[in-house]
Amino acid sequence: MKRAIYPGSFDPVTRGHLDVIARSSRLVDELVVGVLNNSAKNALFSVPERVNMLKELMIDFPNVTVDAFDGLLVDYAKRIDAAIIVRGLRAVTDFEYELQIAQTNHEIYADIETIFLTTRLEYAYLSSTIVKEVASYGGDISRFLPPQIVARVYEKYGIKDFEK
Ligand code: PNS
């Protein structure tokens, strides 16, 4: 059985993430979406909130599960018997960092392979960080996020009167 992990912060999950999940889940038997539990990062959503949001969105994906992990990604991959790491590549600017991480992970754990999916052009500019920036000023984030997530982001910024 081919099990892959798609790791990330998902703070919050964007339409770009969902696209990578949908496409990569078709390439493997089982995909585990792994939310990094990183206390050092100043997150908008708690890890349980992020895991729950992802779980809600995964209802239509029977071979996708959602979990939280901490520590090294390769240790977690080993624990859950995942041989593939999935990452999305948006632009050249992502490449150097992703290459370094993929090579480091492979160096630490030779049995793990990283595969990259290039994001669809419509999501090439999209990141959770940019979405949070726009939301914090009350800007329209509806085209960036799954509909179920939009209100929850505004709520975090105390914004109630946004367009639904
Ligand atoms: O969504 P992100 O923030 O780009 O995801 C980054 C993530 C979670 C994939 C990366 O930070 C990670 O794997 N962190 C766990 C620690 C680790 O294994 N780092 C890579 C080896 S240096």
Side-chain angles (χ1 to χ4, degrees), residues 2-25 27-28 30-58 61 64-136 141 143-146 148-150 152-153 156:
K2 219 176 276 174
R3 181 177 292 136
I5 171 157
Y6 177 40
S9 304
F10 305 104
D11 184 41
V13 55
T14 67
R15 291 190 190 207
H17 293 131
L18 276 192
D19 178 53
V20 171
I21 292 170
R23 286 159 57 209
S24 59
S25 67
L27 304 175
V28 296
E30 191 186 329
L31 180 72
V32 178
V33 178
V35 179
L36 176 67
N37 194 351
N38 183 354
S39 52
K41 258 193 170 179
N42 207 355
L44 185 63
F45 290 95
S46 70
V47 171
E49 283 174 326
R50 283 180 262 163
V51 167
N52 286 337
M53 286 191 284
L54 278 158
K55 278 186 177 165
E56 279 176 38
L57 294 165
M58 290 307 114
F61 296 88
V64 180
T65 57
V66 184
D67 195 12
F69 75 98
D70 43 31
L72 279 180
L73 172 60
V74 288
D75 289 340
Y76 176 67
K78 247 187 237 179
R79 252 192 338 266
I80 64 167
D81 199 23
I84 301 166
I85 295 169
V86 175
R87 292 286 287 169
L89 271 186
R90 287 167 300 195
V92 189
T93 40
D94 280 344
F95 182 73
E96 268 190 53
Y97 172 72
E98 293 294 339
L99 179 71
Q100 196 180 14
I101 298 284
Q103 289 173 334
T104 305
N105 285 338
H106 195 255
E107 200 55 37
I108 303 173
Y109 179 30
D111 289 341
I112 199 97
E113 296 292 350
T114 301
I115 61 167
F116 296 105
L117 295 194
T118 52
T119 53
R120 275 164 53 182
L121 270 182
E122 61 192 291
Y123 304 131
Y125 60 89
L126 194 53
S127 76
S128 301
T129 306
I130 295 286
V131 171
K132 285 183 278 191
E133 173 83 4
V134 175
S136 70
I141 53 169
R143 72 175 81 82
F144 307 138
L145 301 181
Q148 303 93 315
I149 308 299
V150 173
R152 294 180 220 190
V153 174
K156 289 282 179 186

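All values below come from the heavy atoms of this structure, side chains included, with hydrogens, waters and symmetry mates left out. Numbers for residues simply follow the sequence, beginning at 1. Indexing begins at 1, ligand by ligand and atom by atom, following the structure's order.
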Which ligand 1 atoms are under 4.0 Å away from a heavy-atom of G71? 15 (C), 16 (C)
Going by the 4.0 angstrom heavy-atom rule, the piece of L36 near ligand 1 is side chain
Quick one: pull up CG in D75 and CD1 in I80 and give me the separation to the nearest 0.5 Å. 12.0 Å
Quick check on contacts: which atoms of ligand 1 are under 4.0 angstrom from a heavy atom of L73? 13 (O), 17 (C), 18 (O)
List every atom of ligand 1 that sits less than 4.0 Å from any heavy atom of N105, numbering the atoms from 1 in the order shown and giving each element. 20 (C), 21 (C)
Any N/O pair P7/ligand 1 closer than 3.5 Å: no
Is D19 paired with R23 through a side-chain N to carboxylate O contact shorter than 4.0 Å? yes
Would you please name every residue forming a side chain to side chain contact (heavy atoms under 4.5 Å, CB included) with E133, sequence neighbours left out? Y137
Say whether R87, considering both its backbone and side-chain N or O atoms, lies within less than 3.5 Å of an N or O atom on ligand 1. yes
Using a strict threshold of under 4.0 Å (side-chain N to carboxylate O), is an ion pair present between D111 and K78? no
I101 side, atom CD1; L73 side, atom CG - distance, nearest 0.5 Å: 9.0 Å
